[in-house]
2 protein chains.
Amino acid sequence: MKVTIKDIARIAGVSTATVSKVMNRKDEHISQATREKILKIMQEYNYIPNTAARSLVTKKTKTIGLVIPDIRNPFFPELARGAEDKAHEEGYNIMFCNTDDDAEKEEKYVSMLIEKMVDGIIFTASSKRSSGFNYLKNNRVPIILVDRDIDLKGVKGKITVDNCKGAYDGVKHLLQCGYKKVIFLSGPLTSHPSIERLKGYKKALEEFHVPYQEEYIFEGTYQRGWGYEVIKRLLEKEIDFDALFCGNDLIAIEAIKALKQAGIKVPQEVGIVGFDDIYIAPLINPELTTIRQPSYEMGYKAVDMLIKLLEKKGKSQEKVILNTELIIRKSTMQK
Amino acid sequence: MKVTIKDIARIAGVSTATVSKVMNRKDEHISQATREKILKIMQEYNYIPNTAARSLVTKKTKTIGLVIPDIRNPFFPELARGAEDKAHEEGYNIMFCNTDDDAEKEEKYVSMLIEKMVDGIIFTASSKRSSGFNYLKNNRVPIILVDRDIDLKGVKGKITVDNCKGAYDGVKHLLQCGYKKVIFLSGPLTSHPSIERLKGYKKALEEFHVPYQEEYIFEGTYQRGWGYEVIKRLLEKEIDFDALFCGNDLIAIEAIKALKQAGIKVPQEVGIVGFDDIYIAPLINPELTTIRQPSYEMGYKAVDMLIKLLEKKGKSQEKVILNTELIIRKSTMQK
DNA sequence: ATGAAAGCGCTAACAT
DNA sequence: ATGTTAGCGCTTTCAT
């Protein structure tokens, strides 16, 4: 039989209110003797409070929703772990959902989470959304956006990275090395980070008086295989380039593979800069020069921000922009 | 204001019981007219049922706990995604926790999940546990073990892989290629899969009449960096070997890096077989020969098994052993 | 075909 | 310092 607060109260010879007070540490006015007695009995009977009952009255569940495109994209496990670590520190749990950047799934999952009464949501939203969400109409579940800086109802904070600066740093590095013809293997240009990176790319070009050429921009996906395929196509079409600035490290790694197969030397003939600095970046050959994103930190800070909001009842629309960092390794060289 | 079942009932001019029935599709005895009216009003007012209230009475939450060592280990995002996909198919959500294979954290997180009244738990348990869990005393939360085959109270099913056979296949392949001195760079030998793999390693050796040497077994961790370090040490000590069978692909990839730095050629001088077949395995140079584990499928099947158990109220202690597959690529060669 | 009412396990005024 | 009590929003028997 499941033991409830009533059982504990009965056994201890006190009221349920008293038990409730000691278990929630609202027990300044409870005598040490009763407190100890109750605690002891709770232990002894292995009492586990029923969260559903509690949530029903408090309207809090101590759980946070994490809505991301795909946990298999190596950027997100780091973020998820950061989020989970902070959540557990504060006594929260994390529920996670994969949307594949599909607006319909986003809609469905966010509403599922609201039904489950999560206290808040950490959301990496695709930018493709038609407009507002229906499910936000009657709801006040705070949302913290991570990675994507878009406008959405219910958003109470944003954690992003300066994608423009990151890209600028990467392309500038390429140009400083002496590479001249830099192709941008971008992620989907519907997503905010990619758009910002394109800006950074252009800015660096401008600064070095290199004319911007539309034909050097390739809009891709973060699907596996794209980086490899696009290089194959570039090579077939005999497009002339000597450097690649990539939308993420996976694209960069695939590009390196395709280039190697074609007998083209990295970094001697083509310099490559990735984005993210995933754990594998220093392990491949050549070690990948890339723009590091603080992905763990983004998850951690997002949860931190959310919980502060929840517990301080703050209403401020905070916006935090974290720094990227150029990590120079071996896929680029001074020419 | 939040709209509740009472509001809907009042507006529709029916009782809450009727509303409850139609929303739970227990409405065989409800007239089409009322059903439609209620549905329409629910829509119109954007009614979201309160799961806490529902769970309080039904004792079900439609959420599943996922307890894994570390989502950053590339084996787990696949598994997690498989689990999540199946869960969503069936209308469940997933709560996830990272234990770092620490028995204390496992204990804490599992009990948190039970408090939150998850309907069941998918658990990759470390083998280091003292014995039973306290929190299982008064609880009937079914647990499905994945990846690790150990004995634990409350376990209602297991999904594993034939690690012995997997290792056997890998080592046999190495031996067939003509490699003679195969070092096993194992994961922690406290964990069940590693123990099984050691068995498979020995079996293959025996079959090829290669004497087993304790000095060829290196027990490591799945922490980043270990594979690299251990090779450095091997090389310093001038230990003689011509093949590596690795506890996972990450170790293999790091080993390749260390070997390359020492000017040792893979696969010409040293043949390497990994384990898992993570997405990066075919992208590195040389492409990694490895033992594929159906990680996505393991997560998917675990949730499938759990939900079947939950909904059919079955009590069977099922055990499913999935197949591994030897994927031959370029880190091994016929000598 | 529909409704009345009890109760799930807990919290939070408010009393005492 | 402790207890009484009224819900929280829903489901579920049992009536009607």
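Throughout, a chain's letter reflects where its sequence line sits, starting with A, and its residues are numbered from 1. Here the structure is a predicted model, which is why all the values come from computation and not from measurement.
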* Is it true that a side-chain atom of B:K116 and a backbone atom of A:K62 form a donor plus acceptor pair closer than 3.5 Å? ->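 Answer holds: yes.
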* Asked: Are any side-chain N or O atoms of A:T16 and backbone N or O atoms of A:K6, one a donor and one an acceptor, separated by less than 3.5 Å?
  ->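 Not confirmed, A:T16 side chain does not pair with A:K6 backbone.
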Roughly how many Å is it from [atom1] in [X] to [atom2] in [N], rounded to a whole number?
X     : N      : atom1 : atom2 : value
B:K59 : D:dT11 : NZ    : P     : 13 Å
A:R54 : D:dC10 : CZ    : P     : 21 Å
B:K6  : D:dC10 : NZ    : C1'   : 10 Å
B:K60 : D:dT11 : NZ    : C1'   : 14 Å
B:D27 : C:dA1  : CG    : P     : 11 Å
B:N50 : C:dC10 : CG    : P     : 16 Å
A:N24 : C:dT11 : CG    : P     : 5 Å
B:K21 : C:dA5  : NZ    : C1'   : 12 Å

Establish, with yes or no, whether the OP1 or OP2 oxygen of [N] is under 4.0 angstrom from a side-chain nitrogen or oxygen of [X].
X     : N      : result
A:S15 : D:dT2  : no
A:S31 : D:dT2  : yes
B:T4  : D:dG9  : no
A:Y47 : C:dC10 : yes

* Asked: When we call it a touch if two heavy atoms are under 4.0 Å apart, what does B:M23 touch: a base, just sugar-phosphate, or nothing?
  ->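 The answer is sugar-phosphate, as B:M23 gets under 4.0 Å only of primed atoms, P, OP1 or OP2.
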* Asked: Reckon B:T34 touches a base, only the sugar-phosphate, or nothing at all at heavy-atom distances under 4.0 Å?
  ->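 Sugar-phosphate only.
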Would you mind telling me which of [options] lies closest to the side-chain atoms of [X]?
X     : options                : result
A:V57 : D:dC10, D:dG7, D:dT4   : D:dG7
B:V14 : C:dT2, C:dG3, D:dC10   : C:dG3
A:A17 : C:dA13, C:dC10, D:dT12 : C:dA13

* Residue met sooner reading DNA chain C from 5', once B:T16 and A:S20 are mapped to nucleotides ->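 By nearest-heavy-atom nucleotide position, the 5'-most residue is B:T16.
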salt_bridge([X], [Y]) N-O dist < 4.0 Å:
X     : Y      : result
A:R81 : B:D100 : yes
A:R10 : A:D7   : yes
A:K86 : A:E90  : yes

* To do: Nearest-nucleotide wise, let me know which of B:T18 and B:L56 is further upstream toward the 5' end of DNA chain D.
  =>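 Whichever sits nearer the 5' end wins; that is B:L56.
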